[in-house]
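No hydrogens, no waters, no symmetry mates; every other heavy atom, side chains included, goes into these values.
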Amino acid sequence: QVQLVESGGGLVQAGGSLRLSCAASGRTFSLNAMGWFRQASGKEREFVAAISRNGGTSYSDSVKGRFTISRDNAKNTVYLQMNSLKPEDTAVYYCAAGRAIAAAVVATTIGYYDYWGQGTQVTVSS
């Protein structure tokens, strides 16, 4: 079993920065794909960023150039550095991890992920 715990969310002014962390515990050895998704109030959950075990990354067009995903396998942790935040970034951010994906694959679709964190609220004020 795998547990994912997010931290780092909060309230920030537009233009500011936040770093989200997601600590994985349990059977973490085969978590090849990890990613971040977000869900704004009244909207569907959407892809934000993904990273493979090998370090390959992918970003949604809306955050590319502003957000950076990274992982530290020694700490079993994935991060999302969010810079130049905009009010439209306001959402609950979810960490996700998947097993049934090769180490080199960067998974950008919800269906590829097997485990999810509880989410952390990010609110960007204008």
Side-chain angles (χ1 to χ4, degrees):
Q1 296 182 345
V2 173
Q3 294 80 43
L4 304 175
V5 180
E6 301 103 333
S7 63
L11 176 64
V12 65
Q13 294 181 349
S17 299
L18 285 173
R19 172 175 281 197
L20 305 183
S21 298
C22 174
S25 61
R27 295 173 59 84
T28 62
F29 63 91
S30 61
L31 296 179
N32 293 328
M34 299 195 75
W36 290 93
F37 294 76
R38 66 187 182 186
Q39 186 168 17
S41 180
K43 299 181 67 177
E44 297 293 321
R45 190 170 300 187
E46 66 176 1
F47 169 75
V48 176
I51 186 168
S52 71
R53 181 168 291 274
N54 294 341
T57 60
S58 183
Y59 300 90
S60 69
D61 290 339
S62 62
V63 307
K64 190 173 184 179
R66 299 187 297 121
F67 292 9
T68 302
I69 187 171
S70 61
R71 64 191 295 169
D72 185 339
N73 291 331
K75 296 182 179 180
N76 295 317
T77 301
V78 63
Y79 305 94
L80 184 67
Q81 178 66 46
M82 305 185 294
N83 298 326
S84 301
L85 283 163
K86 305 174 181 179
E88 51 263 44
D89 294 318
T90 295
V92 177
Y93 283 71
Y94 296 91
C95 175
R99 294 190 189 278
I101 306 173
V105 173
V106 181
T108 61
T109 303
I110 290 176
Y112 290 117
Y113 290 92
D114 303 304
Y115 306 99
W116 296 84
Q118 295 300 305
T120 184
Q121 176 70 47
V122 171
T123 302
V124 183
S125 65
S126 59

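Side-chain contact check for R38 versus D89: some heavy-atom pair is nearer than 4.5 Å. Two residues are said to be in side-chain contact when any heavy atoms from C-beta on lie closer than 4.5 Å; S60 and F67 fail this criterion. Residues N73 and R53 meet the side-chain proximity criterion, which asks for heavy atoms closer than 4.5 Å. Considering only heavy atoms from C-beta on, V122 comes within 4.5 Å of L20 through its side chain. Residues Q121 and L11 fail the side-chain proximity criterion, which asks for heavy atoms closer than 4.5 Å. When side chains are defined from C-beta on, Y112 does not count as touching V105, because their heavy atoms never get closer than 4.5 Å.
Note that CD of Q81 and OG of S21 are 9.5 Å apart. Values are rounded to the nearest 0.5 Å. Atom CG of L85 is separated from atom CZ of R66 by 6.5 Å, given to the nearest 0.5 angstrom. Once rounded to the nearest 0.5 Å, the distance linking NZ of K64 with OG of S58 reads 7.5 Å. Rounded to the nearest 0.5 Å, atoms CG (N32) and CD1 (I51) are 12.0 Å apart.
Smallest separation of non-hydrogen atoms from S126 and P87: CB-CG, 4.1 Å. The two residues S17 and S84 come nearest to each other via the heavy atoms OG-N, 4.3 Å. Contact between S52 and A103 at its shortest, heavy atoms only, is CB-O, 3.2 Å. Residues L31 and V2 share a closest heavy-atom pair of CD1-CG1, 3.9 Å. Nearest heavy atom pair, residue I69 against residue G35, reads CD1-CA, 4.1 Å. For the pair A40 and T90, the tightest heavy-atom approach, listed with the atom from each and the gap, is CB-O, 3.7 Å.
Around atom CD of E88, more than 12 heavy atoms belonging to other residues, nucleotides or ligands sit under 6.0 Å away. Around CD of Q39, the count of heavy atoms belonging to other residues, nucleotides or ligands within 6.0 Å exceeds 12.
Residues that satisfy the ring pair (Phe, Tyr, Trp, His ring centres under 6.0 Å) test with Y59, not counting sequence neighbours, are absent from this structure. For F37, the ring pair (Phe, Tyr, Trp, His ring centres under 6.0 Å) test picks out F47, Y113, W116, with sequence neighbours left out.
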D72 and Y79: CA distance, side-chain angles, deciding distance, side chain to side chain contact (heavy atoms under 4.5 Å, CB included) verdict: CA-CA 8 Å; D72 185 339; Y79 305 94; 4.1 Å; yes
Step-by-step side chain to side chain contact (heavy atoms under 4.5 Å, CB included) determination, M82 to V12: CA-CA 11 Å; M82 305 185 294; V12 65; over 6 Å; no
From CA spacing to verdict: side chain to side chain contact (heavy atoms under 4.5 Å, CB included), Y93, E6: CA-CA 8 Å; Y93 283 71; E6 301 103 333; over 6 Å; no
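One hydrophobic cluster, built from ILVMFWY side chains closer than 4.5 Å, holds both Y115 and M34. Residues Y94 and L80 do not share a hydrophobic cluster, clusters being chains of Ile/Leu/Val/Met/Phe/Trp/Tyr side chains in contact below 4.5 Å. Linking ILVMFWY residues whenever their side-chain heavy atoms come closer than 4.5 Å, directly or via other members, places W36 and L18 in the same cluster.
A side-chain donor from one of S30 and R99 sits under 3.5 Å from a side-chain acceptor of the other.
With T28 contributing its side chain and S25 its backbone, the two residues share no donor-acceptor pair below 3.5 Å.
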